[in-house]
Amino acid sequence: MSSSAAKPPAKPRLVYAQPGDAVEPGKPVTVSRYGPLARLNHWITAGSLILLAVSGLALFTPSLYFLTELFGGGQNTRALHPWIGVVLFVSFFVFFLQLWRANLPEKVDVVWLSKIKDVVGGHEENLPELGKYNAGQKFIFWGMVALILLLIATGVMIWEQYFATYFGIPLRRVAVLVHSIAAVLIICIFILHVYAAIWTRGTLRAMTRGTVTGGWAWRHHRKWLRELAGLRRAETRKTGPAE
Amino acid sequence: MSMANGPDSPRTAVSNPPVQPMASNLGAGDLIRRSATSDLPPPTRQLTPVAKLIDVSKCIGCKACQSACIEWNDTLPAVGENVGVYENPHDLTENMFTLMRFTEWVNPATDSLEWLIRKDGCMHCADPGCLKACPAPGAIVQYSNGIVDFIHENCIGCGYCVKGCPFNIPRISKADHRSYKCTLCSDRVAVGQGPACAKACPTQAIVFGTKEDMKKHAEGRIADLKSRGYSQAGLYDPPGVGGTHVMYVLHHADKPQIYAGLPENPSISPLVQSWKGVTKYVGMAAMSMLAVGSVIHGVFGRANRVSREEEEEAERLVEQGDETPPHDPRERRP
C-alpha cells in the first residue's frame, strides 16, 4: 500500500492476483482461486448455457425437437428460451466484470500458443510460467464474451413475442442465421471448456470449493502462485507471524 | 384422376354445396410435405392440383372477399381506424388472412392514373419457405393438391415461418402465439367447395379450379387484355418458388412491384436456405465430433495430473519464498 513504510520490501504490486486470491500453507498448499460470488455467477451462467443449448438445439434441428418436452412442449420452449438468455447475459456480464482484467492478452500467451503440442501433450515443463490464465482460457473467455454479445443482439431481433415489429424481415433472416452459427460456436467452446477442466485434473474444485492445490497452481499458473506467495510473505512480515 | 379412392379436388367455387354431410377429403395420406419431418410416408394418392386465380383487372375493390374470409374462418379483426387510405385493416393480421391492397400508379407510357388493386394473401407456393423454416413437426403441411396449411395445435409461435416466407404473409397471434394465414379454405376444398373469397367475388375476379384449368382461363383473360392495349399483360406464377397455387393475372406483368410490392422474382432467401441447410448439417457435425472426440480422448488419453513433486515445490515456495521476482518484469500497465 503506502510506499513510505519503513520496512524493506514494500507490498508487491499485483499483476495476476485478483481480489480474494490467496495462499494457505499446508500439505498440500491451498490456493483460493474463486470467491463465492464468482462461483455463484459461474454456475448460474453454466446452468443457463446448458438450458439454452438444449432448448435451442430442439428448435435448431427436427431430430432434437423431442427435447422441447423437457420444457413442457414447443410453446413453452419458445417462450422460455429468450428469458434464459437474458439471465445468462446478466450473470455473464457480472462474471465478465470480475474476470476481464486477468484475461487481457500478454506476450507470454504467444509463446504458450507456439508450444501448443506441449500443452496438449501435458508437458508443462516446456511451457513458460503463466499468470492466472493461459492463452487457452483467455480464448475461451473472449470467445464467450464475443459470442454472448452476438447471441443476445441477434436473439432480441428474433424474439418474436416482443421485438418482431422493430426489425425488418430481411434483417431478422440475417439475425436468425448469425444466431444459429454463433450458437454452434459457443456450444463448441463450451465443450472445449468442460473438457479442458476435466482433463486438467484438479481444476474442477476451483469452481466447486473455490480452491486449488499449490501443486496445481505451481504446474499451471506459477507466476500467479509466486505473486500470491509473495503477497502472503509481505503480509505476515507486516503483522508478524502467527499473530 | 384417382376417383377410385374417393372424390378428387373440386373444379369450381361457383356451385352450391350439397346439403348432406360429407367426410373430409383431405387427410394424412394426402400430405406431400410436413414441417420438421423427414420420414413422412409417401402420399396414398395424388390429388389434382388446385389454384385460385386472381384477375386484378376485374377487381373492383369491394372487399367482399375479405368479408367472406372473415365470415368463413370466423375471425374477428379489430375495428380499425381510418387514416385516409383504402386498406382496411392496414395490414394482414392473424384475424385477416386476405387484404385488398390499393396502389395509385401513374403509367409513364400514357400519363394516366391507374388504380391498382391486389388481393394479398398466402400464395401457396409449391416450394413453401414457411414450411422449410418451421422447426415444429407438423405445424405446416402441404397437400398433394398444392394447399399449404398451418396446423395450429402444432405451432409454437417462434416466427420462423415469417422469415421463411418470400411474400411476408404469416402473422403470429399475440393472443395464442400461433401463426395464421390463408388456408385456401382447405376445410371447404376438403368437402368439394371452392374458397370463400372466390365464392363471394361479385365480378369473378377470383376464380378457383384445377391449376391447369386456371392457367387456361388466365390465357383467355391475358389475350383479352392484350387486345385492349395491355401488351404486357401476363400470368404471375413465379417459378422461383416452384410456381404458386394462388396466381394473378396482371395487366402489367412485367412490373409486379407496382402492385403494392408484389416481388419480381420471389424465392426462399439464401439466408434461410443456408440456415436450414449447410449451417444445420455442418453445425451438428462439428458439435457432435467435438463432443465424441472429447469423450474418446477423456477415456483413452492420459490425463494432465499434478505430481507429488509439484505439490512439494509449491509448499517450499510458500514456506520459504524464492528469489525469483514475484511477477513478470515486463509490466503490462501501471
Side-chain angles (χ1 to χ4, degrees), chain A residues 12-16 23 25 27-29 59-62 65 68 73-75 77-79 104 106-108 122 124 131 158 160-161 164 169-170 172-174 176-177 180-181 184 187-188 191-192 194-195 198-202 213-219 223 225-227 229-233, chain B residues 35-38 133 135-137 139 154-160 162-163 165 168 172 174 177-178 269 271-272 274-275 279-280 282-284 286-287 290-291 294 297-298 301-315 317-319 321-322 324-328 330-333:
Chain A
R13 192 135 52 87
L14 302 177
V15 177
Y16 303 110
V23 286
K27 286 189 182 298
V29 170
L59 304 190
F60 182 56
T61 174
Y65 186 79
T68 56
Q75 280 274 343
T77 307
R78 183 266 310 151
L104 290 173
E106 295 169 273
K107 281 186 189 140
V108 71
E124 257 71 4
I158 56 173
E160 187 66 36
Q161 195 169 348
I169 290 173
R172 278 186 271 163
R173 287 184 185 132
V174 175
V176 76
L177 178 63
S180 55
I181 294 172
V184 166
I187 290 171
C188 288
I191 295 171
L192 274 180
V194 172
Y195 183 69
I198 293 171
W199 178 68
T200 313
R201 296 292 196 271
T213 68
W216 184 93
W218 174 270
R219 180 174 174 86
K223 276 199 279 189
L225 179 67
R226 287 192 202 284
E227 199 176 276
L231 180 68
R232 183 171 183 281
R233 274 194 303 282
Chain B
S35 59
T37 306
S38 53
N154 294 331
C155 176
I156 63 170
C158 62
Y160 288 3
V162 177
K163 294 152 192 85
C165 175
N168 183 15
I172 315 289
K174 290 282 175 215
H177 304 291
R178 287 165 212 274
S269 162
L271 293 164
V272 173
S274 54
W275 164 43
T279 308
K280 188 167 78 182
V282 174
M284 289 307 292
M287 289 184 289
L290 202 55
S294 299
H297 191 257
R302 191 166 48 87
N304 187 326
R305 284 178 206 282
V306 178
S307 67
R308 183 62 237 152
E309 295 72 49
E310 285 165 328
E311 293 295 359
E312 285 161 4
E313 290 279 10
E315 284 154 22
L317 171 70
V318 173
E319 295 300 331
D322 66 354
T324 333
H327 55 78
D328 196 327
R330 289 168 297 168
E331 288 292 320
R332 289 186 300 177
R333 64 196 167 275

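Everything numeric here is computed off the predicted structure, so don't read it as measured data. In what follows, every chain begins at residue 1, and chains take the letters A, B, ... in the order their sequences are listed.
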### Message
On a heavy-atom basis, which atom in A:L59 and which in A:Y65 lie closest, and how many Å separate them?
### Response
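Closest heavy-atom pair between A:L59 and A:Y65: CD2-CE1, 4.2 Å.
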### Message
Surrounding CZ of B:R308 (heavy atoms of other residues, nucleotides or ligands, distance under 6.0 Å), is the total greater than 12?
### Response
yes
Under 4.5 Å from a heavy atom of chain A, the part of [X] involved:
X	answer
B:E319	side chain
B:L290	both
B:S274	both
B:V162	both

### Query
Is a salt bridge present between A:E160 and B:K163, judged by a nitrogen-to-oxygen distance below 4.0 Å?
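Yes, charged N to carboxylate O under 4.0 Å.
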#### Entry: side chain to side chain contact (heavy atoms under 4.5 Å, CB included) assessment of A:Y16 paired with A:E106
CA-CA 11 Å; A:Y16 303 110; A:E106 295 169 273; 2.8 Å; yes
### Task
Go through the steps for B:N304 and A:R201 under the test side chain to side chain contact (heavy atoms under 4.5 Å, CB included), then give the verdict.
CA-CA 6 Å; B:N304 187 326; A:R201 296 292 196 271; over 6 Å; no
#### Entry: Side chain / backbone / both / neither for A:E124 at chain B, heavy atoms under 4.5 Å
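Answer is side chain: those atoms of A:E124 sit under 4.5 Å from chain B.
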### Task
Go through the atoms of A:I198 and report whether side chain, backbone, both or neither lie under 4.5 Å from a heavy atom of chain B.
neither
### Query
Relative to chain A, which of B:G283, B:G157, B:A291 shows the most heavy atom pairs under 4.5 Å?
B:G157
### Query
For the candidates B:E311, B:K174, B:E312, which exhibits the highest count of non-hydrogen atom pairs separated by less than 4.5 Å from chain A?
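Looking at each of B:E311, B:K174, B:E312 in turn, B:E311 comes out on top.
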#### Entry: Under 3.5 Å: donor-acceptor pair, side chain of B:S35, backbone of B:P137
no
### Audit row: B:M284, A:F60, side chain to side chain contact (heavy atoms under 4.5 Å, CB included) steps and yes/no
CA-CA 9 Å; B:M284 289 307 292; A:F60 182 56; 3.9 Å; yes
### Query
Any idea which of A:T61, A:V23, A:T200 has the most non-hydrogen atom pairs under 4.5 angstrom with chain B?
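Answer, by heavy-atom pair count under 4.5 Å with chain B: A:T61.
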